[in-house]
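To keep things clear, I will list the structure first and then write my remarks on it.
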Amino acid sequence: MDFKPVIRIQRRGSQLEITIDDAKALARRACISVGASSANANALADATVAAECNGRSAVGFRHLLDYLAAYSEGRINGNAEPEVAFPAPALIRVDAAGGIAHLGFDLVIDELVTRSRTFGLAALALHNSYTTGELGYYVRRLADAGLVAFAATNSPALMASGKSREAVFGTNPLAFAAPSEDSRPLVIDQASSATAFVTIRQLAEQGEQIPEGWAIDAEGSSTTDAGEAMRGALLAFGGTRGANIALMVETLAAGLTGSNWSLDAPSFSQGALSPGVGLFVFAIQPNLLAPDFPARLAAQLDRLHSKGIHIPGRAPVLPSIDLPVDLLNALEAFSLRSLARD
C-alpha cells in the first residue's frame, strides 16, 4: 500500500490554502489512487503544482481532474514506461507508450540539455501521449538550465478554421522561454485558439458568457454562450493568422513526431483510447551565438517593462496554493477510492 501523507490545509474564507509540498503530496496521492505508477504520479504532481505556482491554475489542479478521469477510464496508461531513442546526435525521440508526456520529458531532459550544450542545439520529438498540460512547464525548465527553448503540441480537434464549421485543429499551443540574467526567464505560453478550451469549460460550468469571436455553436454560428461553445468549436485568434500558426504547430507536433493529427486524435475526455498526440521541443545554447545573451535580454526586458509592456513569466512564484473547496473535494474523492480498495 502506498504511503498516504497527512495533508495540512488551512481555510481562508471560501479557499483552502495548502503548502507546495503538501500540494504535491495531494496530487501524487490522487494519481496513485487511480492506477498511476509512482514515476507517473511524481511527474504529473510536479507539473500540476508548477502550473499553479506560475499562475496557470486552469491547467493546474483543475486540469488534473481530467488526468484522473483518464487514468480511471483507460485513456492514460498508468504504468507506461516511455521508450527513448537517439536517431542522431542532436535528436531525441520518445514514445510515451500511451502515458503522459511529463514522464517522457523527465527521462530525457538531462540529455536534451547536455546535447544542446554540446552541439549548440538539440530537438525532442515525443509521440503517443495524453495532452501535455501547461506547455510552458517544459520550456521554463530548459530556460532555467540556460537554454532558449521552443515547444509545440497538438490535441484532439477542438478548433474550426476558415470556412469550415468543423473542428479541424486542436488548440495547438506553442511556448517559448529564454534565460534572463538576475530575473526569472521570459516565458510565453499561448494557444492558437482565441482562448484555451479549459477556460471555455470553466466559464460554461459557471454559466458565464464569453466574448464574441471566441467560439461558434453546433450550427456554426458565432456565440457568446459558453455552454453552446462547448457543443460547437473554438475559433483561432486573429482569424487566418492564428489558423496558420495552428497548422505550423500541427506540422511540428503531430507530423514531425509521428503522432496523431488532431483530426484523428481520440477525445481526451471520453472513451478508453489515448489521444496519442505529440510534443516537439527545440533547444538552443545561446551563449555559443551571443555570449552576453542573458544580460542583453534582461536589459531589454527591463526597458520594455518601463514602457508599460507586460513581460510574460515575471510574475512571482506563489509560496503556497489556494484551492476552492469544491475542487479539493473532487480531488479527495479520487483518493478515497484508493482507501476503499486498501
Side-chain angles (χ1 to χ4, degrees), residues 46-47 50 54 56 82 84-94 96 101-102 104-127 129 132-154 172-192 244-259 277-305 309-314:
D46 286 346
N54 285 279
R56 303 299 301 274
V84 179
F86 302 95
L91 295 178
I92 304 173
R93 181 171 172 80
V94 175
H102 313 80
F105 187 79
D106 284 353
L107 292 177
V108 300
I109 183 173
D110 288 344
E111 279 291 342
L112 185 57
V113 170
T114 297
R115 290 169 190 247
S116 298
R117 290 172 176 169
T118 300
F119 303 110
L121 47 82
L124 163 66
L126 182 148
H127 69 287
S129 79
T132 58
E134 185 209 4
L135 191 58
Y137 174 67
Y138 305 90
V139 293
R140 186 186 305 113
R141 293 172 66 186
L142 292 170
D144 285 339
L147 303 175
V148 172
F150 170 85
T153 187
N154 69 317
N172 288 16
L174 51 83
F176 173 85
S180 176
E181 188 176 79
D182 299 328
S183 67
R184 298 185 64 203
L186 168 67
V187 181
I188 299 170
D189 179 357
Q190 63 186 56
S192 301
N244 287 344
I245 292 175
L247 179 55
M248 176 186 71
V249 167
E250 184 101 349
T251 302
L252 292 172
L256 202 55
T257 68
S259 300
V277 294
L279 169 67
F280 176 81
V281 180
F282 185 69
I284 302 171
Q285 170 55 271
N287 292 342
L288 294 176
L289 299 172
D292 58 346
F293 175 83
R296 291 189 66 227
L297 180 60
Q300 175 66 358
L301 296 181
D302 285 341
R303 182 164 64 160
L304 292 173
H305 182 69
I309 304 299
H310 169 66
I311 307 300
R314 278 200 165 180

Evaluate the side-chain contact (heavy atoms from CB on, under 4.5 Å) criterion for residues His305 and His310: first the C-alpha distance (whole Å), next the side-chain angles of each, then the deciding distance (0.1 Å), finally the verdict.
CA-CA 6 Å; His305 182 69; His310 169 66; over 6 Å; no

Under the ring-ring contact (aromatic ring centres under 6.0 Å, His included) rule, collect the residues that match up with Tyr138, sequence neighbours excluded.
His102, Phe105

Which pairs with one or both residues in residues 284-300 pass side chain to side chain donor-acceptor pair (under 3.5 Å), sequence neighbours excluded?
Gln300-Arg303

So do the side chains of Pro185 and Asp144 get within less than 4.5 Å of each other, counting heavy atoms only?
yes

Taken in chain and number order and not counting sequence neighbours, the residues that satisfy salt bridge (Lys or Arg N to Asp or Glu O under 4.0 Å) with Arg93 are none

For Ala283 and Leu147, work out which heavy atoms get closest and say how close.
CB-CD1, 4.0 Å

Once side-chain contact (heavy atoms from CB on, under 4.5 Å) is applied, do any residues pair with Phe119, and if so which ones, sequence neighbours excluded?
Pro89, Ala90, Arg115

To the nearest 0.5 Å, atom CG of Leu107 lies from atom CG of Leu112 at 12.5 Å

Rounding to 0.5 Å, atoms CG (Leu135) and CD1 (Ile188) come to a distance of 12.0 Å

Distance from Thr257 atom OG1 to Phe280 atom CZ, nearest 0.5 Å?
9.5 Å

Does the distance from a Lys or Arg side-chain N to an Asp or Glu carboxylate O, for Asp46 and Arg141, drop under 4.0 Å?
no

Asn154 side-chain N/O to Gly278 backbone N/O, donor-acceptor pair under 3.5 Å
yes

Could you pull out the closest heavy-atom pair between Ala96 and Ser129, with the gap in Å?
CB-CB, 3.6 Å

Between Phe176 and Val139, does the side-chain contact (heavy atoms from CB on, under 4.5 Å) criterion hold? Intermediate values first, please.
CA-CA 6 Å; Phe176 173 85; Val139 293; 5.9 Å; no

When you measure from the side chain of His127 to the backbone N and O of Leu279, does any donor-acceptor pair fall under 3.5 Å?
no

Enter the distance from Arg184:CZ to Leu301:CG here, rounded to the nearest 0.5 Å.
13.0 Å

Could I get the full list of salt bridge (Lys or Arg N to Asp or Glu O under 4.0 Å) partners for Arg314, not counting sequence neighbours?
Asp302

Which atom pairs, one a donor and one an acceptor, fall under 3.5 Å between side chains of residues 245-254 and the rest of the protein, sequence neighbours left out?
residue, atom, partner, partner atom, Å
Glu250, OE1, Asn172, ND2, 2.9
Glu250, OE1, Ser262, OG, 2.8
Glu250, OE2, Ser262, N, 2.7
Glu250, OE2, Ser262, OG, 3.4
Thr251, OG1, Leu247, O, 2.8

How far apart are the C-alpha atoms of Val281 and Leu142, what are their side-chain angles, what is the distance that settles it, and do they pass the side-chain contact (heavy atoms from CB on, under 4.5 Å) test?
CA-CA 10 Å; Val281 180; Leu142 292 170; 3.6 Å; yes

Are Leu174 and Phe150 packed together at the side-chain level, in the sense that at least one heavy-atom pair is separated by less than 4.5 angstrom?
yes

Atom pair CD1 (Ile284) and CZ (Phe293), whose distance is rounded to the nearest 0.5 Å
9.0 Å

Quick one: pull up CG in Leu297 and OG in Ser180 and give me the separation to the nearest 0.5 Å.
4.5 Å

Val94 vs Ile92, test: side-chain contact (heavy atoms from CB on, under 4.5 Å). Steps then yes/no.
CA-CA 7 Å; Val94 175; Ile92 304 173; 4.2 Å; yes

So, do Phe282 and Leu121 sit near enough that their side-chain heavy atoms are less than 4.5 Å apart?
yes

Any side-chain heavy-atom pair of Asp189 and Pro312 under 4.5 Å
no

